[in-house]
Structure formats: C-alpha cells, structure tokens
Protein chains: 2
Amino acid sequence: MIQAAPIDTVMRTLADPTRRAVFERIVRSDEITVVELTRGSGVTQSAVSQHLRSLKQAGLIVDRAQGRNVFYSAEPKGLAPLFDWMSHYAVFWRDRFAGLETLLKEIDP
Amino acid sequence: MIQAAPIDTVMRTLADPTRRAVFERIVRSDEITVVELTRGSGVTQSAVSQHLRSLKQAGLIVDRAQGRNVFYSAEPKGLAPLFDWMSHYAVFWRDRFAGLETLLKEIDP
DNA sequence: CCTATACATTAGTATTCACTAATATATTAG
DNA sequence: CTAATATATTAGTGAATACTAATGTATAGG
C-alpha cells in the first residue's frame with residue numbers, strides 16, 4: 001500500500017534538480033533500470049540509488065525486482081499532493097488554470 | 001519587470017515549509033505586511049524577511065512600499081513554471097487533471 | 001529632535017543534504 | 001564454483017541553507 005506523502009515530502013523530494021531529472025526520466029520511460037538511469041545522470045550509481053529511495057519514500061515511484069534488475073516506474077498517485085496543493089490555490093490563478101484547461105481539452109476532448 | 005524564474009528556483013523556494021507557509025499566507029490575504037506575517041510564523045522577523053526576499057527573487061510575490069510598511073502580495077505569474085512543469089506530464093496523470101478540470105468548471109463556468 | 005516602529009541586511013552557527021568511495025548482497029554467466 | 005553484473009547501503013565530507021542575534025536604514029509620532 002502506498003502511503004500518501006504530505007505536500008512537504010513531495011516538494012522537498014522534487015526540489016533537487018538531479019533527483020527531479022531522475023524522476024522525469026522514469027516518467028517518460030514506461031519502466032527503467034538503475035543502470036539505465038545512472039547512465040547519463042552525471043552522478044554515481046550510489047547517488048542514483050539514494051535518489052530512488054527518496055522518490056520511493058515520497059510515493060512518486062514504485063519498483064519491481066526481476067533477477068538482478070530492479071525496474072522503476074512512476075506512481076500516478078504520487079503527484080496528487082502537488083495537484084491538490086495547487087488546486088487549493090486555483091482560484092487565485094484563474095487565468096493560468098484557464099490556459100491549462102485549454103490544454104486539457106486538447107488532450108481529452 | 002518580473003523575470004520568469006526557472007522551475008528549479010520555484011521548486012527550491014517552495015520546498016521549505018516555513019517559506020511555503022509564508023507564501024500561502026500572502027496568497028490568502030490580498031496584501032499583508034511583514035509584521036503581520038511574522039506574527040504567528042514561529043520565526044523571527046529577520047527570518048521572515050529573508051524568506052520574502054527568496055520568494056520575491058523567485059517571482060512568486062511582489063512588494064509595495066508605503067511609509068514604513070511594505071505590503072506583499074502574490075504574483076499570479078509566479079507559479080507558472082510549476083503549472084508548466086506539471087502540464088508537461090499531464091498526459092501521464094490524465095485522471096488527476098480531469099478532476100482538476102471539473103474544479104475549474106466550477107470556478108469559471 | 002527624539003524615540004518608537006517597520007523592515008532589511010549582515011555575520012555567525014548548526015543542521016540538512018547531496019555526493020563519492022567503499023562495501024555488502026544477490027543474481028546470472030561461464 | 002567463480003567471476004561479473006545489478007543494486008543497495010554505509011560512512012564520511014563539503015556545500016547549501018535556515019535560523020538567530022545584532023545592526024542598519026528609513027519613516028512616523030509626540
């Protein structure tokens with residue numbers, strides 16, 4: 001069961017550029033291993049693993065072990081606290097949300 | 001002219017709980033002074049001023065000096081990088097965005 | 001004027017944190 | 001069985017940072 005992380009955890013976890021880059025790569029790929037993530041990350045495998053642990057604890061990703069590989073994938077519910085936080089202040093950014101709404105109509109007409 | 005802060009700056013600025021709390025209070029109030037913000041913040045006026053400087057540099061707030069008071073208010077464009085970042089991944093969180101869309105319709109029918 | 005008030009800034013400090021290097025654990029290949 | 005591969009974990013280190021205390025600057029009020 002994935003525990004819903006508070007907005008504080010999610011914000012803090014995504015604040016680091018390296019860790020956010022790792023997360024973005026996981027999101028873009030369906031499933032991805034640590035070796036692949038490490039490649040081109042600019043940091044060591046150790047650092048990547050530590051970021052993965054943070055992301056997992058924040059509920060942003062899930063992992064699936066298979067043999068000596070561990071496949072990571074994005075957890076859709078993970079960004080919920082961020083969505084909620086922003087929607088809580090939606091009324092103050094009506095214009096911005098309006099633009100986003102247009103985008104949504106294009107995606108899901 | 002308000003310089004558009006990169007997502008990195010916005011994320012980092014909002015990651016700190018104290019600073020985010022300050023920001024949230026500014027958003028909820030139309031205009032608010034440093035004294036009012038300091039009251040009940042749990043930190044010194046110095047700390048609040050430093051957070052305000054960060055928030056201002058991140059383009060999240062604007063200030064208006066009047067006499068010995070400085071009134072702070074939220075800058076609507078400030079959260080744009082965050083919106084953009086999230087909308088970039090909108091396709092992966094269609095359901096969440098759908099819920100948000102519903103909320104938008106209620107706000108702006 | 002002189003004092004109080006509002007806010008910003010500086011210096012110093014303690015804590016957090018992102019990273020590397022080294023090591024541990026488990027799995028696959030030969 | 002042994003070596004190589006994949007990943008996690010630990011310890012240690014340097015840098016970033018959030019905070020307080022002290023001070024500076026400007027304005028308002030008596």
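Naming: A, B, ... by sequence-line order, numbering from 1 per chain. What's counted below: heavy atoms across the whole structure, side chains too, no hydrogens, waters or symmetry copies.
Heavy atoms of A/F71 sit nowhere under 4.0 angstrom from any nucleic acid atom.
Nearest nucleotide to the side chain of B/V43, out of D/dC19, D/dA6, D/dT10: D/dC19. The side chain of A/N69 sits closest to D/dA6 out of D/dA8, D/dA6, C/dC7. Comparing atom distances between the B/T18 side chain and each of C/dT27, C/dA8, D/dC19 picks out D/dC19 as nearest. For B/V35, the side-chain atoms get nearest to C/dC7 when compared with the rest of D/dT5, C/dC7, D/dA8.
Side chain of B/R20 to main chain of B/L14: a donor-acceptor pair is present (N/O by atom type, distance under 3.5 Å, no hydrogens or angles). With hydrogens and angles disregarded, a donor-acceptor distance shorter than 3.5 Å links the side chain of A/R25 to the backbone of A/L37.
There is no side-chain donor-acceptor pair under 3.5 Å between B/S54 and B/Q50.
Residue-to-nucleotide contacts include a donor-acceptor pair under 3.5 Å from the side chain of A/Q50 to the base of C/dT20. For A/S46 against D/dT9, a side-chain N or O and a base N or O form a donor-acceptor pair under 3.5 Å.
As rounded to whole Å, 15 Å separates atom C1' of D/dT7 from atom CZ of A/R64. Straight-line distance from the CZ atom of B/R20 to the P atom of D/dA18: 12 Å, rounded to whole Å. A straight line from CG of A/D63 to P of D/dA8 spans 7 Å, rounded to a whole angstrom. The distance from atom CZ of A/R68 to atom C1' of C/dT28 is 4 Å, rounded to the nearest whole Å. The distance from atom CG of A/D16 to atom C1' of C/dT16 is 12 Å, rounded to the nearest whole Å. Distance, A/Q45 CD to D/dT5 C1': 11 Å, rounded to whole Å. For A/L37 and D/dA8, the CG to C1' distance is 14 Å, given to the nearest whole Å. Atom CD1 in B/I32 sits about 10 Å away from atom P in C/dC7, given to the nearest Å.
Atoms OG1 and OH, from B/T33 and B/Y72 in turn, are 10.5 Å apart once rounded to the nearest 0.5 Å. Going from atom NZ of A/K56 over to atom OG1 of A/T13 covers 14.0 Å, rounded to the nearest 0.5 Å.
Between B/R19 and the phosphate of D/dA18, there is a side-chain N or O to OP1/OP2 separation shorter than 4.0 Å. At D/dT20, one or more side-chain N or O atoms of B/T44 fall inside 4.0 Å of OP1 or OP2 (strictly under the cut-off). Contact annotation: B/R12 does not reach the phosphate of D/dA16 (side-chain N/O to OP1 or OP2, under 4.0 Å). Between A/Y72 and D/dA6, a side-chain N or O to OP1/OP2 separation shorter than 4.0 Å is absent. Applying the 4.0 Å criterion to OP1 and OP2 of D/dC19, one finds that B/H51 has a side-chain N or O inside that range.
Of the two residues contacting DNA chain C, namely A/A47 and A/Q66, the nearest-nucleotide position lying further toward the 5' end is that of A/A47.
The side-chain heavy atoms of A/L82 and B/W85, taken from C-beta on, include a pair separated by under 4.5 Å.
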